[in-house]
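When reading the values below, keep in mind they use all heavy atoms of this one structure, side chains included, and skip hydrogens, waters and symmetry mates.
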Amino acid sequence: MERSYQSQRWNPLAGLATVLGHLCLLALVLWNVPTRELPDTSDGERLIAVAYRSPDRSRYQPVEESLPVKDIASESSPNTLPTDASQPTVAATVPSAPPASVQIPLDLAAVLESMTARGTSPQPGQSASSAVAGQLQLPDGLSLEGAASGVLIPGNAQAGAGPTKTIATVFGVSGSGNSFVYVFDRSQSMGTRGGAPLRAAKRELLRSLNGLTSKQQFQIIFYNDQHARLRRSGAIGGLLFADEANRRAAERYVASVQPLGSTEHVSALKTAIGLTPDVIFFLTDARIQVLGQRQITELTRRAQNAGVTICCIQFGVGHETGEGGFLKELASRNHGAYRYVNVTQLP
């Protein structure tokens with residue numbers, strides 16, 4: 001029994017031999033692990049490398065393409081990109097901004113050419129002059145050069161602004177703007193005294209119209225219990241440019257008007273406001289039909305929404321008697337002027 005116990009006791013020499021054997025085996029394994037060193041460049045540049053980190057060591061794998069970098073060991077550099085310990089680390093830097101002294105060349109000729117270049121072909125129904133780059137499109141017959149010189153696009157004259165703004169006058173009452181509508185009474189009462197009132201109104205209307213240039217717009221409405229305006233095939237939005245052809249057409253239309261019928265102001269004025277001119281010249285003898293407060297308020301609301309000024313001229317016999325009080329109020333509430341004209345003193 002004693003011999004068996006002695007044979008099973010731990011032998012220190014045998015244990016030491018076992019430990020040494022394991023160490024030798026580990027050394028052989030580590031000796032055979034392949035490693036690659038980062039190449040050293042002589043010009044101060046460093047290659048981008050990927051670091052594969054493990055708990056006991058880090059292995060660096062160079063990337064095929066390289067970029068010149070600054071000292072990546074300096075963690076305080078503001079240009080160094082932050083890394084995530086859980087992902088492969090790429091050593092790189094953000095390119096610095098060019099110095100303030102460096103001036104980037106600007107090709108002004110190319111920029112100007114791209115701004116003024118025309119499209120390759122006009123769209124259906126579009127003139128060649130309006131086929132320009134971008135979203136700008138002009139109606140047929142108008143060009144960029146014409147627009148720059150202040151030509152109005154038909155139907156869009158508003159607020160009396162722009163280089164075409166002018167002053168039109170009817171019997172001394174003036175209005176400023178780009179577009180004007182003449183609303184003239186042609187009822188039976190305008191034919192008294194051998195038709196002198198209507199003849200004087202026609203003469204003054206044509207005189208005012210001939211004072212406009214081809215860059216301004218106009219329209220003429222004669223009314224009694226109904227109303228009619230000058231119609232031309234080239235009218236867009238109801239307004240006409242005051243060119244030679246349209247002025248000659250206006251002369252023929254005015255000459256054809258005769259005094260007839262009763263008077264109804266409101267529908268003619270609503271039509272005129274609907275054309276959205278800058279100024280309406282409203283002329284009537286105001287003998288029978290007058291405007292009530294409700295009608296004045298409604299017309300004023302429409303005119304203000306459209307940005308229209310209303311000027312009023314009253315024809316009367318002898319001295320002013322106050323029959324045209326509603327005309328004064330209509331003009332006052334719509335930023336226009338008023339004048340009374342004694343028809344007995346008309347030439």
For the NZ atom of Lys270 and the CD atom of Gln295, what is their distance to the nearest 0.5 Å? 8.0 Å
Which pair of non-hydrogen atoms, one from Val173 and one from Cys311, has the smallest distance, and what is that distance? CG1-CB, 3.5 Å
Do Thr300 and Asn334 have side-chain atoms, one donor and one acceptor, less than 3.5 Å apart? yes
Search all heavy atoms of Val181 against all heavy atoms of Ala272 and return the closest pair with its distance. CG1-CB, 3.8 Å
Glu204 side, atom CD; Lys202 side, atom NZ - distance, nearest 0.5 Å: 14.5 Å
Those residues that, when tested against Gln304, pass side-chain hydrogen bond (donor to acceptor under 3.5 Å, both in side chains) (two or more places apart): none
With a 3.5 Å distance limit and no angle check, can you tell me whether Arg199 reaches the backbone of Gly194 through a side-chain donor-acceptor pair? yes
Distance, nearest 0.5 Å, that separates CD1 of Ile221 from CG of Leu230: 10.5 Å
Taking Arg207 for the side chain and Thr169 for the main chain, is one N or O donor matched with an acceptor at less than 3.5 Å? yes
Is a donor on one side and an acceptor on the other found under 3.5 Å between the side chain of Ser332 and the backbone of Lys328? no
Can you measure from OG (Ser214) to CD (Glu244) and round to the nearest 0.5 angstrom? 10.0 Å
Does Gly238 offer a backbone N or O that forms a donor-acceptor pair with the side chain of Gln219 under 3.5 Å? yes
Side-chain donor or acceptor of Arg232 paired with backbone N/O of Ala249 under 3.5 Å: no
Considering only heavy atoms from C-beta outward, does the side chain of Met190 approach that of Leu283 to under 4.5 Å? yes
Side-chain donor-acceptor pair present, Tyr223, Glu264, cut-off under 3.5 Å: no
Are His319 and Tyr340 an aromatic pair, judged by ring center distance below 6.0 Å? no
d(Arg193 CZ, Leu346 CG) to nearest 0.5 Å is 9.5 Å
Between atom CD1 of Ile296 and atom CG of Leu269, what is the distance when rounded to the nearest 0.5 Å? 10.5 Å
Does any donor atom in the side chain of Ser187 or Asn224 lie under 3.5 Å from an acceptor atom in the other side chain? no
Begin with the C-alpha distance, continue with both residues' side-chain angles, and end with the deciding distance and a verdict on side chain to side chain donor-acceptor pair (under 3.5 Å) for Thr284 and Asp185. CA-CA 5 Å; Thr284 179; Asp185 188 348; 2.8 Å; yes
Heavy-atom side-chain proximity of Leu209 to Glu251 below 4.5 angstrom: no
side-chain contact (heavy atoms from CB on, under 4.5 Å), that's the test. Do Gln314 and Phe282 meet it? Break it down for me. CA-CA 8 Å; Gln314 180 188 356; Phe282 178 40; over 6 Å; no
Show every ring-ring contact (aromatic ring centres under 6.0 Å, His included) that has at least one partner inside residues 165-184, sequence neighbours left out. Phe171-Phe315, Tyr182-Phe281
Could you report the tightest heavy-atom contact between Gly318 and Asn342, atom names first, then the distance? N-OD1, 2.9 Å
Under the side-chain hydrogen bond (donor to acceptor under 3.5 Å, both in side chains) rule, collect the residues that match up with Glu298, sequence neighbours excluded. Arg301, Arg302
Heavy-atom closest contact (Pro277 atom, Ser179 atom, distance): CA-OG, 3.3 Å
Minimum heavy-atom distance Val341-Ile313, with the two atoms named: CG2-CG2, 3.8 Å
Tell me, yes or no, whether the heavy-atom count around Arg294 atom CZ, taken from other residues, nucleotides or ligands under 6.0 Å, exceeds 12. no
When you measure from the side chain of Asn246 to the backbone of Phe241, do you find a donor-acceptor pair of N or O atoms at a distance under 3.5 Å? yes
Does any donor atom in the side chain of Gln216 or Thr213 lie under 3.5 Å from an acceptor atom in the other side chain? yes
Is there a path of hydrophobic side-chain contacts, each under 4.5 Å between heavy atoms, that joins Ile167 and Val170? no
At their closest point, which heavy atom of Thr309 faces which heavy atom of Gly336, and how far apart are they? CG2-CA, 3.7 Å
Note, Asp285 side chain near Pro197 side chain (heavy atom, < 4.5 Å): no
Should Leu240 and Gln217 count as side-chain neighbours, where that means a heavy-atom distance under 4.5 Å? no
Does any non-hydrogen side-chain atom of Ile220 lie less than 4.5 Å from one of Leu205? yes
Between Glu329 and Leu291, is there a side-chain heavy-atom distance shorter than 4.5 Å? no
Between Asn210 (side chain) and Leu206 (backbone), is there a donor-acceptor pair under 3.5 Å? yes
Report yes or no: does Asp278 contribute a side-chain atom to a donor-acceptor pair with the main-chain N or O of Asn178 at less than 3.5 Å? yes
Quick check against the 3.5 Å criterion: does Lys165 have a side-chain atom that pairs as donor or acceptor with the backbone of Gly177? no
